[in-house]
Amino acid sequence: MNEGVPTFSSRLNAGAPEAQQRRAALHARLDVLRALEERAATVSARAQPQFKRRGQLLPRQRVALLLDAGAPWLPLASLAGYLQDVPDTQKSVPGGGMIAGISFVSGVRCMVVASDSGIEAGAIQPMGLEKLLRVQEIALQNRLPFVHLVESAGANLMHYRVEEFVRGGSLFRNLARLSAAGIPVITLLHGSGTAGGAYLPGLSDVVIMVQHRAHAFLAGPPLLQAATGEIATEEELGGAEMHTAVSGLGEYLARDDREAIGLARAVLAATDWGAAGVPGDGAQGTEPLLAADDLLTLMPDDLRQPVDMREIIARIVDGSQLLEFKARHGAATLCVQARIAGRPVGLISNNGAIDVAGANKATHFIQWMCQLGQPIVYLQNTTGFMVGRDSEQGGMIKHGSKMIQAVANATVAQITIQCGASFGAGNYGMCGRGYAPRFLFSWPGARTAVMGGEQAARTMQTITRAARARKGLPPGADANSPDSRESQDRFDAIVSMFESQADAFHTSGLLLDDGVIDPRETRAVLAFCLATCAEGDARAPRCMQFGVARM
């Protein structure tokens, strides 16, 4: 406990009917989330017979064997690609054909990525590409060794898109940047790496290849024969034995998946990368005095209902102790100093729209946190910046712009949790995806949109009536006319379009966050991310002019 810091006194009645209704609704959403995540694992596991015949481990088995026993695992973008492969909630397989997360390997905090080769042989999916680019960015920002378990059929030529081919070049650029930044890049090649995929091991610092299974070539036997007429076997062109003995692409030859993973753990241990880091896995600090289970009861389904976000903060921070900054000024914007797992942090949240006073308060607070060198956590629940004549005349645009400038240029790590509403420019001012927070997660009931669905529909109605008036037409027909019914249908269609796109599962499928989390796990997720940021910021890698060139 921190002496002198007030302990929050909760007013929540967790047993009230309204709270119980919210709990039931959120449990239902969590059930859907877990079912979607399990769907990807189930589809991948269907390939078990083929993997067993080949003497291979399934992708999730490889990851589990790689990680330290009992180490925390922070999955990233588990819903990537949801509803983007097929627009059917019952058939869409989330994950983007890739497993990704942060954990520990031989005591080293790492970014771990694995091709989910049980699904479409690991073919790269459009949102899988975006997911890989995102986790590479996280690894670079937080100076995390990048461990990639590769087994991919490459791009699906039946669904070829030129923009994905061009965008894919960023994967290789990022690997070169990681290596040049002094961050280890280690690749385990469990299967094929063809064409562009061959540059995944080619741009790695250390490559481990599985005998008889790993292959890397710019052109496989079919393309080689079609292009040049030359006939060669896969082993001659790019087998593991050839690459470790002749071309030098591989450093280590493993007999099977298990030995490859054991070698990867040995390579990570030999880097001594973990020894220089800042310890911290979320185990320090005093637990909140208020129950995390209450977080299921606080956020209403109707995000227009008010929520005291102090109630949420008090269930996340150490000892439920909150030191509120300028509590009486710009009261709809909350700025709080507290600790999470022993680490000092600033938290910014919303008990309403961001007004002039709130924007100025947040700007001051962000600068204060930067002066102290303390990370900032944003808990989003806002309808946006305040509108209206008084607000505009009070300089809302210029004061809101100051807040956005502070968010965009903050010199400390920023982490965002979308708890409820994330509407309009409030998404920007509260460090949404466009402002590159180190991590961004959503609660299952969060919604993201330029505005609410009904608000958008009414706006369009107003615009339509104004257009009719300019043409000298009456504002609308009577309630029973076809025009009126068509108007209502348009209204309902706009509401439906906005609401479906605002849904947290939909936005997560588009990789507009780093994953949807159980609200009860918010403290643990934040503690892990804060430790990751602190360790990365404290590290001084040996940067080079170029990445490690393969010899």
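In this text, all values refer to a predicted model and were calculated from it rather than measured experimentally. Just so it is clear, the values below take in all heavy atoms, side chains as well, and ignore hydrogens, waters and symmetry mates.
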J.: Just wondering, do V113 and I99 contact through their side chains at under 4.5 Å, heavy atoms?
T.: no

J.: Could you check whether any side-chain N or O of D355 sits under 3.5 Å from a backbone N or O of M386, counting only pairs where one atom can act as donor and the other as acceptor?
T.: no

J.: Hey, could you give me the CE/CD1 distance between M309 and I316, rounded to the nearest 0.5 Å?
T.: 7.5 Å

J.: Could you tell me the separation between the CD atom of E324 and the CZ atom of F8, rounded to the nearest 0.5 Å?
T.: 9.0 Å

J.: How are the rings of H148 and F146 set to each other: parallel, tilted or perpendicular (split at 30° and 60°)?
T.: perpendicular

J.: What side-chain hydrogen bond (donor to acceptor under 3.5 Å, both in side chains) pairs are there with at least one residue in residues 289-306, not counting sequence neighbours?
T.: R22-Q305, R23-D293, D294-R315, D301-R447, D302-R304

J.: Give me the atom names and distance for the closest heavy-atom approach of I415 to C533.
T.: CD1-SG, 4.3 Å

J.: Give the C-alpha distance, both sets of side-chain angles, the deciding distance and a yes or no for side-chain contact (heavy atoms from CB on, under 4.5 Å) between V516 and W443.
T.: CA-CA 6 Å; V516 179; W443 284 7; over 6 Å; no

J.: Check this for me: L372, atom CG, are more than 12 non-hydrogen atoms of other residues, nucleotides or ligands nearer than 6.0 Å?
T.: yes

J.: Is any side-chain N of the basic residue among E535 and R143 closer than 4.0 Å to the acidic one's carboxylate O?
T.: no

J.: Establish, yes or no, whether the cationic atom of R39 lies under 6.0 Å from the six-membered ring centre of Y82 and within 45° of the ring axis.
T.: no

J.: Where is the tightest heavy-atom contact between P59 and G118, given as atom of each residue plus distance?
T.: CG-N, 4.0 Å

J.: Is any side-chain heavy atom of L33 less than 4.5 Å from a side-chain heavy atom of L30?
T.: yes

J.: Hey, does L526 have a side-chain heavy atom less than 4.5 Å from the side chain of F439?
T.: no

J.: Considering only heavy atoms from C-beta outward, does the side chain of M98 approach that of M127 to under 4.5 Å?
T.: no

J.: Examine the side chains of W368 and Q374 and answer whether a donor and an acceptor come within less than 3.5 Å of each other.
T.: no

J.: Checking side-chain contact (heavy atoms from CB on, under 4.5 Å) for the pair M299/C419: CA distance, chi angles, key distance, verdict?
T.: CA-CA 8 Å; M299 196 60 64; C419 302; 3.8 Å; yes

J.: What class does the angle between the rings of F325 and F365 fall in, given that below 30° is parallel, 30 to 60° is tilted and above 60° is perpendicular?
T.: tilted

J.: What pair of heavy atoms forms the shortest contact from S170 to Q136, and how long is it?
T.: O-OE1, 4.1 Å

J.: Heavy atoms, side chains only, cut-off 4.5 Å: are L347 and I376 in contact?
T.: no

J.: Determine which pairs satisfy side-chain hydrogen bond (donor to acceptor under 3.5 Å, both in side chains) with at least one residue from residues 90-102, sequence neighbours left out, and list them in order.
T.: D85-S92

J.: Under the salt bridge (Lys or Arg N to Asp or Glu O under 4.0 Å) rule, what pairs show up with a residue in residues 389-405, not counting sequence neighbours?
T.: none

J.: Kindly compute the distance separating OG (S508) from CG (L83), expressed to the nearest 0.5 Å.
T.: 11.0 Å

J.: Using atom types as modelled and distance alone, determine if a side-chain donor or acceptor of T507 lies under 3.5 Å from a backbone N or O of A504.
T.: yes

J.: Evaluate the side-chain contact (heavy atoms from CB on, under 4.5 Å) criterion for residues I102 and I138: first the C-alpha distance (whole Å), next the side-chain angles of each, then the deciding distance (0.1 Å), finally the verdict.
T.: CA-CA 10 Å; I102 302 172; I138 291 173; 4.2 Å; yes

J.: Does S103 use its side chain to pair, donor to acceptor, with the backbone of P72 at less than 3.5 Å?
T.: yes

J.: For the side chain of T363 and the backbone of M403, is there at least one donor-acceptor N/O pair under 3.5 Å apart?
T.: yes

J.: Which heavy-atom pair separates A406 from I366 by the least distance, and what is that distance?
T.: O-CG2, 3.7 Å

J.: Could you go step by step and tell me if T382 and F423 meet the side-chain contact (heavy atoms from CB on, under 4.5 Å) rule?
T.: CA-CA 6 Å; T382 183; F423 292 156; over 6 Å; no

J.: Sort and list the pairs that fulfil side-chain hydrogen bond (donor to acceptor under 3.5 Å, both in side chains) and have at least one residue in residues 403-414, not counting sequence neighbours.
T.: Y378-Q414

J.: Specify the closest pair of heavy atoms between A292 and R520, including all atoms of both residues, with the distance to one decimal.
T.: O-CG, 3.5 Å

J.: Does the E38 side chain pair with the main chain of A35, one donor and one acceptor, at a distance under 3.5 Å?
T.: no

J.: Looking at side-chain heavy atoms only, is the closest gap between I517 and S442 below 4.5 Å?
T.: no

J.: Between D513 and T448, is there a side-chain heavy-atom distance shorter than 4.5 Å?
T.: no

J.: Any side-chain hydrogen bond (donor to acceptor under 3.5 Å, both in side chains) pairs touching residues 424-438, not counting sequence neighbours?
T.: N142-R438, S422-N427, R433-D514, R438-D537

J.: Looking at side-chain heavy atoms only, is the closest gap between P288 and V317 below 4.5 Å?
T.: no

J.: Quick one: which residue pairs count as a ring pair (Phe, Tyr, Trp, His ring centres under 6.0 Å) with a foot in residues 382-415, not counting sequence neighbours?
T.: none

J.: Measure from the side-chain N and O atoms of S10 to the backbone N and O of L12, and report whether any donor-acceptor pair falls under 3.5 Å.
T.: yes

J.: Donor-acceptor pair, distance only, cut-off 3.5 Å: does the side chain of K361 make one with the backbone of G330?
T.: yes

J.: Can you name the closest pair of heavy atoms from S320 and L289 and give their distance?
T.: OG-N, 2.8 Å

J.: Distance-only, no hydrogens or angles: does the Q321 side chain make a donor-acceptor pair with backbone N or O of V5 under 3.5 Å?
T.: yes

J.: Are T416 and Q380 close enough that a side-chain donor and a side-chain acceptor fall under 3.5 Å?
T.: no

J.: Without swapping roles, check the side chain of S44 against the backbone of A40 for a donor-acceptor pair under 3.5 Å.
T.: no

J.: With salt bridge (charged side-chain N to carboxylate O under 4.0 Å, His left out) as the test, would you mind laying out the steps for E311 and R11 before giving the verdict?
T.: CA-CA 8 Å; E311 296 278 4; R11 297 181 180 180; over 6 Å; no

J.: Look up atom CG in D318 and atom CD1 in I340, then write down how far apart they are to the nearest 0.5 Å.
T.: 7.5 Å

J.: Among L512, N381, L440, L379, find the residue that satisfies the side-chain contact (heavy atoms from CB on, under 4.5 Å) test when tested with Q418.
T.: L440

J.: Nearest 0.5 Å, what's the CG-CG distance between L295 and L26?
T.: 9.5 Å

J.: Step by step, would you call R29 with D503 a salt bridge (charged side-chain N to carboxylate O under 4.0 Å, His left out)?
T.: CA-CA 11 Å; R29 290 285 286 175; D503 182 83; 2.8 Å; yes

J.: Nearest 0.5 angstrom please: L149 CG to D116 CG, how far?
T.: 11.5 Å

J.: Please confirm whether the backbone N or O of L511 pairs with a side-chain atom of K131, one donor and one acceptor, at under 3.5 Å?
T.: no

